[in-house]
Amino acid sequence: MLDLLGVFEQVVVSGSFSQAAKALNMAPSSVTRNIDKLENKIKTTLFKRSTRQLILTEDGQYFYQQSIKILEQSRNLLSEMQGNNNTPEGALRISVFETFGNIYLTHLIPDFLKRYPKINIELELDNNLVDLNSDNIDIAIRIGTPLDSNLKARHLLTNTTSLVATPEYIKNHPKIKMPQDLKNHNCLIISHERQRTNWYFNSNKTLTKISVTGNLASKGGSPLLNAALQHLGVLLLSDWMVKPYIESKQLEVLLPKWTVTHNENTSGEIYAVYKSAQYLKPQIRAFLDYLAEQLQ
């Protein structure tokens, strides 16, 4: 019965039989048979099914609310009986935006797996925003706190940014004395899917919004950094990416008296985001603790 409840839970979370099958590594027909079997057992129809969408019935909504309590209690009991000193084990799916993943996680994960050899990690380096439920992701590394109230977030890193260019670019182009001067420069831009790009400048509580343009845009920071190092334009990027090049004098900070950000109001902090649950998988907790420890 618990196995059937587990399949039911995943179907609700995923929003479709096919996505649930993918998350559970099952054939869609097997998921359908499990749901049919569950409905036969409880003598209730759980879903309104159509080719376009899958909706819980009123009975299905009530059954889901009660069944997740049973699943959490069973998982807690299993964890308690196994003991708190057991080594975390099992699969762990992590999604992280490409640049941060390459700079930080790819270097940290081998040591983590040496500590916890029974954990199996599947790492996705992708600048697209994933859905933790439908994509069956355990942890996502994101910039800013999640808007979804069903997700939890753990702070990992303060994400300050710097406005930079190479000494050669600065020498061969008009001087940048004020934020407005950027309108005459080639700015290397984090892509926002064809939306106009603004950079926000703050000095002595004076906020200035500048609309910037350029001939290179990317969802990830690496292509922009490489272009900036080849003297293509002005770059606004996270300090954890540009700091080594500032220290080596390959890049110079522009308008140092101004604080510059990509967004006016949203947080620029980096968080580990995970699904809210009374029971947190031991491998998720272990990885969150490890990241916080290493990134401090």
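For the single chain, residues carry numbers from 1 onward in sequence order.
N120 places no side-chain N or O within 3.5 Å of a backbone atom of A91 that could act as its donor or acceptor partner. A donor-acceptor pair is defined here as one N or O able to donate and one able to accept, closer than 3.5 Å; no such pair exists between the side chain of N184 and the backbone of P174. Of the possible polar contacts, none joining the D138 side chain to the I284 backbone as a donor-acceptor pair under 3.5 Å is found. With hydrogens and angles disregarded, no donor-acceptor distance shorter than 3.5 Å links the side chain of S30 to the backbone of P28. A donor-acceptor pair under 3.5 Å links the side-chain atoms of T57 to the main chain of G60, judged by distance alone. With hydrogens and angles disregarded, a donor-acceptor distance shorter than 3.5 Å links the side chain of E39 to the backbone of L46. A distance-only check finds no donor-acceptor pair linking the side chain of T160 to the backbone of D239 [under 3.5 Å].
Between atom OH of residue Y169 and atom CG of residue L254 there is a gap of 9.0 Å, rounded to the nearest 0.5 Å. Atoms NZ and CG, from K41 and D36 in turn, are 13.5 Å apart once rounded to the nearest 0.5 Å. With rounding to the nearest 0.5 Å, the separation of CD in E98 from OG1 in T106 is 11.0 Å. Between the CD atom in E124 and the OG atom in S95 there is a gap of 5.5 Å [rounded to 0.5 Å]. For the atom pair D126 CG and K219 NZ, the distance stands at 8.0 Å (nearest 0.5 Å). Within the model, atoms CD1 of I121 and CZ of R93 stand 12.5 Å from one another, a figure rounded to the nearest 0.5 Å.
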Begin with the C-alpha distance, continue with both residues' side-chain angles, and end with the deciding distance and a verdict on side chain to side chain contact (heavy atoms under 4.5 Å, CB included) for I176 and H185.
-> CA-CA 9 Å; I176 301 174; H185 285 265; 3.4 Å; yes
Given the rule in the side chain to side chain contact (heavy atoms under 4.5 Å, CB included) test, do T259 and F201 qualify, once you have shown the distances and angles that lead to the verdict?
-> CA-CA 6 Å; T259 300; F201 294 78; over 6 Å; no
Can you check side chain to side chain contact (heavy atoms under 4.5 Å, CB included) on L225 and L188, steps first, answer last?
-> CA-CA 9 Å; L225 176 58; L188 308 173; over 6 Å; no
Tell me, with the steps shown, if T44 and L38 meet side chain to side chain contact (heavy atoms under 4.5 Å, CB included).
-> CA-CA 9 Å; T44 301; L38 180 59; over 6 Å; no
Would S67 and E9 satisfy side-chain hydrogen bond (donor to acceptor under 3.5 Å, both in side chains), going step by step from the backbone distance to the final call?
-> CA-CA 8 Å; S67 65; E9 177 192 35; over 6 Å; no
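What you find for P223 and S218 is that their closest heavy atoms are CG-OG, 3.6 Å. In this structure, C187 and L182 approach most closely via the heavy-atom pair SG-O, 3.9 Å. Of all heavy-atom pairs spanning Q250 and P167, the tightest one is O-CD, 3.4 Å. Heavy-atom minimum distance, Q180 versus T208: NE2-CG2, 3.8 Å. Between V11 and V31 the shortest heavy-atom distance is CG2-CG1, 3.6 Å. Between I190 and H262, the closest heavy-atom pair is CG1-NE2, 3.8 Å.
Looking only at side-chain heavy atoms (C-beta outward), Y290 and L108 come within less than 4.5 Å of each other. Proximity of L224 to I189: side-chain heavy atoms (C-beta onward) are nowhere separated by under 4.5 Å. Between I210 and N198, every side-chain heavy-atom pair lies at or beyond the 4.5 Å cut-off. Side-chain atoms of F63 and L5, non-hydrogen and from C-beta on, do get closer than 4.5 Å to each other. Counting heavy atoms from C-beta on, the side chains of L163 and V253 never come closer than 4.5 Å. N102 places a side-chain heavy atom less than 4.5 Å from the side chain of L125. Within the 4.5 Å cutoff, no side-chain heavy atoms of I35 are placed close to those of L4. E89 has its side chain out of reach of Q283: every pair of non-hydrogen atoms, C-beta onward, lies at least 4.5 Å apart.
A side chain to side chain donor-acceptor pair (under 3.5 Å) with T166 is found for exactly one of H231, E252, K249, namely H231. The ring-ring contact (aromatic ring centres under 6.0 Å, His included) with F287 is formed by just one residue from the set Y274, F112, Y116; it is F112.
Between W240 and F100, the two ring planes are perpendicular [angle over 60°; tilted spans 30° to 60°].
A continuous path of Ile, Leu, Val, Met, Phe, Trp and Tyr side chains, each step under 4.5 Å between heavy atoms, connects I103 with L123, placing both in one hydrophobic cluster. I55 and F17 are not part of a single hydrophobic cluster, where members link through side-chain heavy atoms under 4.5 Å apart.
Shown here is E58, whose CD atom has no more than 12 heavy atoms of other residues, nucleotides or ligands within 6.0 Å. Heavy atoms of other residues, nucleotides or ligands lying less than 6.0 angstrom from OH of Y200 number more than 12. Annotation: N172, atom CG; neighbour count of heavy atoms from other residues, nucleotides and ligands within 6.0 Å is above 12.
Taking 4.0 Å as the cut-off between side-chain N and carboxylate O, D289 and R285 do not count as a salt-bridged pair. Look at D59 and K43 and you find no salt bridge, because none of the NZ, NE, NH1 or NH2 atoms lies under 4.0 Å from a carboxylate O. The existence of a salt bridge linking D181 and K175 is excluded, since no basic side-chain nitrogen approaches an acidic carboxylate oxygen closer than 4.0 Å.
The ring of F47 has its center no closer than 6.0 angstrom to the ring center of Y64.
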